[in-house]
Amino acid sequence: LRRHQRDVEDRQITVMERREPLDAQMVALEAEAATAESDLVAARAALAAAQALVDGEIAVEVDARAASATGVTADLVAEYERCRTKAKGVGAARLVAGTCQGCHLSIPATEVDRLRRHADDEISHCDNCGCILVLSA
């Protein structure tokens with residue numbers, strides 16, 4: 001029984017010796033997890049603040065866009081929205097020196113001349129990207 005008790009005690013001491021570094025590692029990992037959790041909380045707070053800032057900027061831009069659209073016919077606004085959707089965000093672009101500023105592709109000179117002869121109330125579109133073209137002076 002004494003020999004068995006010594007064997008059990010020796011095994012217990014061996015297990016305790018193996019457990020000590022694991023306990024230290026566990027404490028270090030728990031501290032690291034707590035630090036990561038506090039970093040996560042701080043990052044979420046920063047993200048929420050940034051989102052609120054962006055939401056505020058969007059509201060300002062939406063108001064400015066609405067103010068700019070006053071006096072523009074509903075048909076033209078609808079056409080602009082259709083072109084903007086089709087052209088992935090760019091609804092109207094300037095035509096500068098024969099180049100559409102929406103897609104940055106050149107438009108043939110004959111087409112530019114035709115566009116310049118259009119009536120002021122006629123809408124011209126870029127053949128490449130579909131944007132409403134605004135002729136520069």
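With rounding to the nearest 0.5 angstrom, the CD atom of Q25 is 10.0 Å from the CD atom of E32. Taking CG of L95 as the start and CZ of R116 as the end, the distance is 6.0 Å to the nearest 0.5 Å. Put simply, CD1 on I58 and CG on L53 are 10.0 Å apart, with the number rounded to the nearest 0.5 Å. Atom CD1 of I132 and atom SG of C83 lie 4.5 Å apart (nearest 0.5 Å). Rounding to the nearest 0.5 angstrom, the gap separating the CG atom in D7 from the CZ atom in R2 is 14.0 Å. The CG atom of L40 sits 12.5 Å away from the OG1 atom of T35 when rounded to the nearest 0.5 Å.
The shortest distance between side-chain heavy atoms of V8 and R11 falls below 4.5 Å. Proximity of E30 to M26: side-chain heavy atoms (C-beta onward) are separated by under 4.5 Å at one or more points. T99 has its side chain within reach of Q101: a pair of non-hydrogen atoms, C-beta onward, lies under 4.5 Å apart. Looking at C100 and I107, their side chains come closer than 4.5 Å, going by heavy atoms from C-beta outward.
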Run C126 and C103 through side chain to side chain contact (heavy atoms under 4.5 Å, CB included) and show every step you take. CA-CA 9 Å; C126 174; C103 61; 3.8 Å; yes

Trace of the side chain to side chain contact (heavy atoms under 4.5 Å, CB included) decision for E37 with V41: CA-CA 6 Å; E37 182 67 30; V41 168; 4.2 Å; yes

The test is side chain to side chain contact (heavy atoms under 4.5 Å, CB included); show your working for K86 and R82 and say whether it passes. CA-CA 6 Å; K86 180 180 169 190; R82 186 188 64 74; 4.3 Å; yes

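Contacts of D23 classified as salt bridge (Lys or Arg N to Asp or Glu O under 4.0 Å), with partners at least two apart in sequence or in another chain: R19.
Between E9 and R6 no salt bridge is recorded (no basic side-chain N to carboxylate O distance below 4.0 Å).
Side-chain contact of E79 with H125: a donor-acceptor pair under 3.5 Å is present, judged by distance alone.
Under a hydrophobic clustering in which Ile, Leu, Val, Met, Phe, Trp and Tyr are joined whenever their side-chain heavy atoms come within less than 4.5 Å, directly or via other members, Y80 and I123 fall into the same cluster.
The two atoms that bring L76 and V72 nearest to each other are CD2-CG1, 3.6 Å, heavy atoms only.
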